[in-house]
There are 2 protein chains.
Amino acid sequence: MTTTRRALVEAARGDRRLDLVIRGGQLVNVFTDEIQPADVGVFGDRIAVVDVGRAYGLEAPNEIDAAGMTLVPGMIDTHIHVESTMVTPPSYARAVLPFGTTTVVIDPHEIGNVMGQAGVAYMLRASAGLPLRTFVTVPSCVPAVDGVETAGARFDAAAIAEMLTWERVVGVAELMDYPGIVRQNEHIAAIVEAGLAAGTRLEGHAPLLAGRELNAYLAAGVDSEHESRDWPEMVEKLRLGMWVYGRENTFRTSAADLARALREVPEASNVAMCTDDIDPADLLAHGHLDRGLRVLIREGVPAARAIRYATLNGAVRYGLHDLGAIAPGRLADVVLLESLEEVRAHTVLAGGRVVVRAGRLAVEIAEPAPAPIGDSVRIGPLDAGAFALARAGAEGDRRLRVIAMDRRRTTRLEEVTLPFQGGQPRGPLPDDLVLLSVVPRHGQPHRPSLALLRGLNLTRGAIATTVAHDSHNLIVAGKTPEEMMQAVRVVADMGGGAALVAGGELLAGVRLPVAGLMSADPVEVVAAEVESFNARGRELGLWATSPVLAISSLALSVAPFVRITDLGVVDVLTQQFVEMFVD
Amino acid sequence: MTTTRRALVEAARGDRRLDLVIRGGQLVNVFTDEIQPADVGVFGDRIAVVDVGRAYGLEAPNEIDAAGMTLVPGMIDTHIHVESTMVTPPSYARAVLPFGTTTVVIDPHEIGNVMGQAGVAYMLRASAGLPLRTFVTVPSCVPAVDGVETAGARFDAAAIAEMLTWERVVGVAELMDYPGIVRQNEHIAAIVEAGLAAGTRLEGHAPLLAGRELNAYLAAGVDSEHESRDWPEMVEKLRLGMWVYGRENTFRTSAADLARALREVPEASNVAMCTDDIDPADLLAHGHLDRGLRVLIREGVPAARAIRYATLNGAVRYGLHDLGAIAPGRLADVVLLESLEEVRAHTVLAGGRVVVRAGRLAVEIAEPAPAPIGDSVRIGPLDAGAFALARAGAEGDRRLRVIAMDRRRTTRLEEVTLPFQGGQPRGPLPDDLVLLSVVPRHGQPHRPSLALLRGLNLTRGAIATTVAHDSHNLIVAGKTPEEMMQAVRVVADMGGGAALVAGGELLAGVRLPVAGLMSADPVEVVAAEVESFNARGRELGLWATSPVLAISSLALSVAPFVRITDLGVVDVLTQQFVEMFVD
């Protein structure tokens, strides 16, 4: 129900019955950093009256007893990719509301790479009217780097400008091609210009960027960031006026660094919180924005201030004037925490409606739009030969280049000597190597790329997945071409997802039929599949935090320092292709 | 010159020559509240690079030596009426730039009351391209109270909505009819609705509003305020999420209260600074936004924080993302203070151009648009009889109502007994009384209103002025109808302004031919006229801060508790007219 303003004002001044009173709690005031006793009167979907000090004796037919609870505004996540949680927006909403997140600003750039504007439009349709308010930033780097890979789509400045006019769109999403922006490469500079012309927020992504290059990135108009690697980097960015988003997720933890950075400066208002990417099992186990807030509080940030970062400041960043605070006139997104320090949500209201009670979802959330399930895995005719290492006429020892991955998933080029016979390697691969390939799956006509990978630690079998950042072709790694081919077939048959095979047997699978990235199932179902997959993966030696994603970032052509795309092995810094054979 | 973004980025990263370096100063970082050595590189109209710690060795053909100086962003005034300074926007710009104000958000509601939309449009035209960046909030209460007065125009919701689409318009200006909003009177509620529909800022005006009525005003969607009368009022408003603007001007001082309020709360980000109304002589003598900042700093607000309130926070309030900070990519509005504590500007840059040097204006500022001089004083045929107290058949002692004004300009109804003979008062008025009238000057056909006034302290003669808030008819007060008529004639002959007459002689005049509110002359000329007027006024007993405005607010139908409009004497609380004769 949408509140008519007149009735809301009448309820606020006391001439109309309130719908709901939240009574007896302590309120975190995100404007003043105070924590004070206050009752809150709700009318329709908005807050009508905040009774600091409990002087008004508010009454309503519905009451929530907040004794012993702390009231905080619904939390605002300033940057996430729903696809990382492998579920559609409604399932995502069901999963994160119990943790107290009521608003997310999503960057649908995974599905954008697969389905183009139709993918972004689907994410908008699929999030329309959810109790989890969903705003969209338009994916800016589709594909991540123009020219070294092919994705399912390509967004130029005109496409970005068009999407910026869509409803609930609040910015241009993380401009990952920061070298291109600093250098003012034409394609990406035009996209930034489209954002500036629209007067919208330009979201950044600039790990390790510092000094004059950081100044240049800011001068270009991009003024937020969530990729800082340590606290001095954050301090430099804060001082230059860049918004720094703390981030705590499955893969990266920066909240402790943020707490440390904040001790360096008397005050910083350009701070917000995001989660970016969370694995489904990890989400259920460790929470959402609350996770980073626990770290901030543990590291000495006053609790009220930490809450402000995850609420009001996100609203300020995006100009969401109706959100981010418990104040008269704002939308009644309110979280009752049973522990402020632990940031543990008991009751969650979205638009005045109780959506979470005793920590559990209390409402039905339907799919507002049918998920596009079907033909997102479009690969040409293929057999195991595509993955066989071969070079016509090669005999004896040959030097080959190898992508070597360390435990931080940083990659470098190394070399290896392999014995060849009749154009093919003699005998099995050395224990420390696997074959790695990216199979075009967006209907491109070309053959898969191929490389050698060191450091995956896969002892046998093969892993394949359509979660292959950011172009999301089909990436596969394995000990033998035959097992790789089998894994690819399983993934294709599932219409997308991940498969783990060994010795001719399917050990585990995760079904992601929506664009090969998401499932319409509940997050619990997907999480169970992922956990089972990860357990089997660990048995085969995969060491990643989430083995199902062990190879997913190896196709990310902006991550240091060597990656493989559907077009070949790429030296990230030079953006040049690298030949497999040294000679 | 407008910077092309590409060249700016090149200059930022060091691949293109900067235009200007500001070297050797201490920079107030409004993001972090730090004060640190920093050089600033400017390219075109924007800041390219901020070199905190001076590591880059910035060079440029132009340099400003900032040794011993403190660099702060150009200041942003969140709410002013240019008309109060009695000059047109270009003259106003010339006057305030030397104090370090580089951006103003104006509310042209005085000229709006006189000229309607054409007046608002003139203020936009007259401020286009000035080095003083001028944004407009659309006057919301024209007239102040619908129904008890007639102005030169009437803005309904449709007119407001239309003006909200104009360029440089950033909000709906102070919604003074707060009782009407709390009660949701149709006319003003529709105007608020127009603002909400446009997604723009809704500026408030709510002195002494508290408790549930304050909640109701906020629930209506209005969320800023600059009229708080003391610090507890400010604290209540800050806690409810209302923006509180500190204000220090000719008539009101609230900066000390603001400093006191800020000691009550751990933190408040919803604070900005404004001047609202400044008399021309007072502006030259005591400054602009710097005046309030001096008070804040003297009262214990850390200087960097005080600067933040007058810069970044104003930009945040209105979403002016290019302004409010010295940071890469922002417009190069920079002030070099020779004293931070005294907030004394030495050099001011607007858009990278030096506009003030050694405290003096260093550029020519032309009138971007001709001022509408002429026919704004349109009064019907009139003679002294219009101001004569008369009642057909009145004989002997009669009880009459009197508007009694105290030293805070608060008015109350009192009564007096006057002897009548032949329908007219017998003998001169008692010493403590004067006649008071509002003469329609917008071409209305009706006759002037008439009342008795106590407390003005005018010993002889008459004062008349077209500055008569807010409908700006012609208000006149005097000891005799004849002197009142003379004063009215002088004002009409000048095409607007103020006149002081006594004994048939013109003692002083202030010429305000632009809408009867402003002069196109330099502020020094107007200030001299005002000072001369005020000196003569004090000789005649007028005690106001600025005697030229001694009667200007007596027509303000929203000020407590009794006022006179062109339609009669109004009881402000009930908005009912009051008869002059008790019986």
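Bear in mind the structure is a predicted one, so any value in this text is a computation, not a measurement. Naming convention: chains lettered A, B, ... in sequence-line order (proteins, then strands); numbering from 1 in each chain.
For the atom pair CD1 (A/I76) and OH (A/Y309), the distance works out to 15.5 Å, reported to the nearest 0.5 Å. Within the model, atoms CG of A/L175 and OG1 of A/T137 stand 9.5 Å from one another, a figure rounded to the nearest 0.5 Å.
Counting only N and O atoms by type, the side chains of A/E203 and A/S224 include a donor and acceptor under 3.5 Å apart.
Of the residues considered (A/R239, A/E213, A/E236), A/R239 shows the highest number of contacts with chain B, using heavy-atom pairs under 4.5 Å. Between chain B and the options A/M242, A/E264, A/R330, A/R305, heavy-atom pairs under 4.5 Å are most frequent for A/R305. For the options A/S269, A/A55, A/A304, A/A327, heavy-atom pairs under 4.5 Å to chain B are most numerous at A/S269. If you tally non-hydrogen atom pairs under 4.5 Å between each of A/G319, A/P302, A/A48, A/G199 and chain B, the highest count goes to A/A48. Ranked by heavy-atom pairs shorter than 4.5 Å toward chain A, the options B/A11, B/A189, B/A12 are led by B/A12. Of the listed residues (B/R201, B/E193, B/R183), the greatest number of heavy-atom pairs within a distance under 4.5 Å of chain A belongs to B/R201.
Residues B/I307 and B/L340 form a side-chain contact, since some pair of their non-hydrogen atoms from C-beta on lies under 4.5 Å apart. Using a 4.5 Å heavy-atom cutoff, the side chains of B/V42 and B/L18 are not in contact. Taking the side chain as every heavy atom from C-beta outward, A/Y56 and A/V49 approach each other to under 4.5 Å.
Heavy-atom distances place the side chain of A/V316, and not its backbone, under 4.5 Å from chain B. Only the side chain of B/L196 comes within contact range of chain A, judged by heavy atoms closer than 4.5 Å. For A/E10, no part sits under 4.5 Å from any heavy atom of chain B, backbone or side chain. In this structure, chain A has a heavy atom under 4.5 Å from the side chain of B/L58, while its backbone stays farther away.
B/R46 and B/D322 are joined by a salt bridge, as a carboxylate oxygen and a charged side-chain nitrogen come within less than 4.0 angstrom of each other. Of the charged side-chain nitrogens involved, at least one lies within less than 4.0 Å of a carboxylate oxygen, so that A/D223 and A/R317 count as a salt-bridged pair.
Along residues 32-40 of chain A, the residues that come nearer than 4.5 angstrom to chain B, judged on non-hydrogen atoms, are A/T32, A/D33, A/E34, A/Q36 in order of number.
For the pairing with B/W243, the side-chain contact (heavy atoms from CB on, under 4.5 Å) check across B/N313, B/V271, B/L238 returns one residue only, B/N313.
Heavy atoms only, all atoms of each residue included: B/G171 and B/T200 are closest at CA-OG1, 3.1 Å.
Using a 30° and 60° split on the angle between ring planes, A/Y245 and A/Y318 fall in the tilted class, from 30° to 60°.
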